[in-house]
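Okay, so here's the structure we're looking at.
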Amino acid sequence: MSITLIRPDDWHVHLRDNAMLHAVLPDTARRFARAIVMPNLKLPVRTTAEALSYRERILAARPMQSAFEPLMTLYLTDNTPIVEIERAKASGYVHAVKYYPAGATTHSDFGVTDIERCYDALAAMEALSLPLLVHGEVTDSAVDIFDREAVFIDRILQRIVARFPRLKIVLEHVTTRDGVEFVGAAPATIAATLTAHHLLLNRNAMFRGGLRPHAYCLPVLKRERHREALVAAAISGNPKFFLGTDSAPHARRTKEAACGCAGLYTAHAGIELYAEVFKEADALARLEGFASLHGPAFYGLAQNRARITLVEESWLVPPEIDLMPAGIADSLVPFRAGEYVGFRIAEAGA
Ligand code: DOR
Ligand code: ZN
């Protein structure tokens, strides 16, 4: 069995920088024509100048012959000035602004402490049609970690949507039925990305036979009834839902630690894993919309011209990926390490 699609894009990925960037970029570039690149570097990408120089480093790290196009983002802070939003839009290379609530996740210390401080920036984004990408979790430690997305929607997202009705917003890596229902009922300006791992796993995966750091990400995996709602949204054909892997590489030693980092590395099977989900749901015919059409339509970008063919054939994921060739004395444990993925790429156009 094989399926040919317009080459997909990844609307949410962490490519990191320097050695890690060189190690992981080929996996994304092999599968995806473009990707929305998250700005949460150790020193976050807060200005257009920083985004443009990060873009150059990504282009320089591309494999030979690769036409992969990084779509850059800015990291929103309490102090992002309107002029920076204007520069971002005018550059033609910055396609969105990412809102991390301060303290919500990896490298979010520079994030937003109170979204009302950003209202001028949001107004500028609304006027310029520059989307806001939201890490939708409250950071309030009084709120149970499994409820943080739903509470964020009630306390913060609803307010933003009401105040900025023309602002394009993507609820990134939506993980709950509440999130899916909110997005489904919201105006067409509101969309969501879905990761492969939240479509494939429920929270039991974190505790299968012991504590599993390689199944820990943020937002954290949720109950089975939420996973089912995510799959239903992904295969629905609704253009509000599209592919965003949230592939987030962390070296093995930083994951297998007393305080392990959040993030799963899925770029090595970034489209194949979604094919598994759609196949399992008997919805492979809807994969192309989700992976290749809905994202560009939302962002106002052209569809890709190249195609990619996936074959239903199992392959064994290596137990780890050595980072030494990239200059890091550690390894990366990929999603499904030592287990099988049910689809592989037969050919990938440039
Ligand atoms: O699991 C995650 N990892 N969630 C995030 O929001 C950030 C990401 C990362 O950068 O490692
Ligand atoms: Zn992310």
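Start at 1 and go down the list; that is how both ligands and their atoms are numbered. It should be emphasised that the depicted structure is a prediction, and the values quoted were computed from it without experimental measurement.
- In terms of protein heavy-atom proximity, atom 5 (C) of ligand 1 is nearest to T105 OG1, 3.0 Å.
- A salt bridge between E84 and R87 is present, with a side-chain N of the basic residue lying under 4.0 Å from a carboxylate O of the acidic one.
- The distance from ligand 1 to the heavy atoms of H135 drops below 4.0 Å at these ligand atoms: 6 (O).
- K98 has no carboxylate O lying under 4.0 Å from a charged side-chain N of E172, or vice versa, which leaves the two without a salt bridge.
- Side-chain contact check for F152 versus L157: some heavy-atom pair is nearer than 4.5 Å.
- Taking 4.5 Å as the limit, some side-chain heavy atom of I115 sits within range of a side-chain heavy atom of L76.
- Distances from the Zn ion (ligand 2) to the N/O/S atoms of D246 are shortest for OD1.
- Atom numbering of ligand 1 starts at 1 in the shown order; those under 4.0 Å from a heavy atom of H250 are 9 (C), 11 (O).
- Taking the Zn ion (ligand 2) as reference, the nearest N/O/S atom within H14 carries the name NE2.
- Protein heavy atom closest to atom 1 (O) of ligand 1, with residue, atom name and distance, is L218 N, 2.8 Å.
- Looking at atom 3 (N) of ligand 1, its nearest protein heavy atom turns out to be A262 O, 3.0 Å.
- Contact annotation for K98 and ligand 1: no heavy atom of the residue comes within less than 4.0 Å of the ligand.
- Between E172 and ligand 1 there is no heavy-atom distance shorter than 4.0 Å.
- Residues F110 and Y75 have side chains in contact (heavy-atom distance under 4.5 Å, counting atoms from C-beta outward).
- With a 4.0 Å cut-off on non-hydrogen atoms, A248 touches ligand 1 through its side chain and not its backbone.
- Within ligand 1, the atoms closer than 4.0 Å to a non-hydrogen atom of C217 are 1 (O), numbered from 1 in the order shown.
- Taking only nitrogen or oxygen atoms, main chain and side chain alike, N40 reaches within less than 3.5 Å of ligand 1.
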